[in-house]
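One structure is given here, and the rest of the page talks about it.
Just the heavy atoms: all of them, side chains too, but no hydrogens, waters or symmetry mates, feed the values below. Each ligand, and each atom within it, is numbered from 1 in the order the structure gives.
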Amino acid sequence: MKISLDSQAAAAIETQALVTYVFEEDDPINGRVADLDKSTGGLLRRLSKNGELTGKSLEMTLIHAPAGLKAERLLIVGAGKRDKFSLAELRKLSGAGLRFLKTRGVKRVAFFVRETDTNPGAAEAVTEGSLLADFEGDKYKTGQKSDAPVESAALLGWQADAGQGIDRGRIIAEGQNLARELANEPSNKMTPVMLAERAAAMAREEGLACEVLDEKRIAEMKMGALLSVAQGSVEPARVIAITYTPANYAPGGPVLGLVGKAVTFDTGGISIKPANDMDKMKFDMCGGAAMIGTMRALARLKPPVKVIAVVPATENMPGGKAQKPGDIQTSMSGKTIEVMNTDAEGRLILADAVTYARKLGCTHLVDAATLTGAIVVALAGINTGVFGTNQAFTDRILASANAAGDKMWPMPMDDEYREMIKGTMADIQNVGSGKGGGAITGAMFIREFVDDVPWVHLDIAGTAWFDDAKPWMAKGATGVPVRTLVDLAMNFNSK
Ligand code: BES
Ligand code: ZN
Ligand code: ZN
């Protein structure tokens with residue numbers, strides 16, 4: 001989709017649909033919308049008086065052939081209460097507006113923002129909202145596809161420097177859409193080997209360094225925890241490491257490590273999952289896909305900090321060689337693990353990936369993983385669970401999430417929870433004893449391998465994909481937390 005600034009007046013532009021928004025307030029027809037209302041001879045005020053135009057969040061009012069405007073349609077999207085409005089809301093309403101028009105075959109739109117939202121940040125939000133909304137997960141449909149892509153979006157009435165926001169928004173949205181595309185692939189089209197090939201191809205195109213460890217190298221590195229998961233599958237595991245080095249990098253400076261769980265299919269292994277909804281476990285690679293998408297965006301945005309993504313990729317299968325409950329494994333760190341449940345495999349592969357990231361010199365670590373069903377119980381699909389032991393670093397991630405419009409919520413990591421993963425036959429066990437706290441014991445397990453570097457774990461099991469389409473986004477992988485991680489890296493030195 002082509003997105004560009006356009007200096008034409010809202011009433012004069014010839015477009016298939018002019019899109020703007022109103023707030024839910026006593027008189028929603030104000031500011032620029034009052035001007036539009038004048039052009040249309042008071043039509044908007046009449047609609048508002050009739051209660052057909054209220055400004056309620058994501059309300060859609062579509063007017064065909066609006067008198068006084070050159071546009072074929074005028075779409076007014078509800079923006080909700082003004083004091084709750086944010087860039088996140090603007091991103092969402094742009095996306096929802098675009099998808100609404102898409103279903104009606106519209107190919108060319110023009111966004112006319114409100115007088116308060118003409119800055120580059122707002123242009124970035126509209127660009128991201130539009131590109132994320134235009135993405136569909138239907139590449140394997142041969143017959144009737146989802147709605148055809150939108151061809152162009154003109155941004156009307158913005159500050160002259162808003163173009164920077166368009167460029168940045170496009171880079172970020174394309175990174176996020178890459179994560180979505182990789183994660184949406186079914187397991188037969190995205191094995192660990194294929195994921196590594198895709199990551200290496202992306203790195204080559206973007207000028208990033210990429211190293212892929214094959215099963216032999218993984219064994220040489222003594223990644224026993226990762227191998228224990230991979231051994232049940234005929235598909236070999238891979239560890240993908242992608243490095244971005246800034247031009248002015250001085251050795252000894254900070255290195256941000258982004259570790260992402262990529263289980264290309266999680267059957268549960270011998271502790272097998274029920275058949276119901278097992279198909280969703282093709283999404284168990286969303287953490288890894290997000291790191292690959294983030295790296296593509298960073299290659300183009302060039303943050304001031306060195307960043308290394310480490311993505312352990314494997315299937316979790318119950319093959320004849322599969323590990324069994326009670327097996328004891330030695331991780332790359334040397335710590336021994338009693339595998340009480342083979343379905344708690346994410347923490348096993350992350351244990352070795354985190355150790356490897358530290359070996360590569362990472363001074364700060366963020367991991368993202370569809371780790372536990374328990375986080376979905378705690379936070380539903382609304383918030384990503386945030387776990388960290390370093391308050392300052394955790395606060396930085398929460399600030400980035402807030403800036404990027406990814407909803408995240410801090411979870412506790414008191415030492416008392418450590419008791420629940422204490423091993424009896426080995427150093428630690430991979431599930432918590434006793435009842436409850438499943439998301440926390442998952443995080444506590446990863447912590448055992450982090451040592452003293454600032455680290456944050458993001459449990460995205462509830463936020464990594466939508467079971468159904470949302471007004472602003474197609475069903476399937478969401479690409480969370482690409483935007484947060486991009487913000488974190490871009491502001492790394494100044495924060
Ligand atoms: N991939 C799953 C977690 C998951 C569940 C993600 C549902 C998204 C939706 C993970 O590997 C898993 O199976 N975790 C177990 C851990 C348990 C055995 C301690 C879980 O959450 O049930
Ligand atoms: Zn599992
Ligand atoms: Zn899993």
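- The proximity of W465 to ligand 1, defined as any non-hydrogen pair under 4.0 Å, is limited to the side chain.
- Note on D266: its N/O/S atom closest to the Zn ion (ligand 2) is OD2.
- Between Y21 and F85, the ring centre distance stays below 6.0 Å.
- When D343, V263, N341 are checked for heavy-atom proximity to atom 13 (O) of ligand 1, D343 turns out nearest.
- Between OE1 of E345 and O of D343, the angle at the Zn ion (ligand 2) works out to 70°, rounded to 10 degrees.
- Not one N, O or S atom of A369 sits under 2.8 Å from the Zn ion (ligand 3).
- The shortest heavy-atom distance from K273 to ligand 1 is under 4.0 Å.
- At a 3.5 angstrom cut-off on N or O pairs, R347 does not count as close to ligand 1.
- By the 30° and 60° cut-offs, the orientation of the rings of W472 relative to F466 is perpendicular.
- Taking distance alone, with nitrogen or oxygen atoms compared against 3.5 Å, T372 stays at or beyond that limit from ligand 1.
- Among protein heavy atoms, the minimum distance from atom 7 (C) of ligand 1 is reached at M281 CE, 3.7 Å.
- Ring orientation note: the planes of F449 and F445 are tilted relative to one another, at an angle of 30° to 60°.
- A cation-pi arrangement is present between K306 and Y249 under the rule of less than 6.0 angstrom and at most 45 degrees off the ring axis.
- Under a 4.0 Å heavy-atom criterion, M340 is not in contact with ligand 1.
- Counting only non-hydrogen atoms, the option in A369, G373, C286 that gets closest to atom 5 (C) of ligand 1 is G373.
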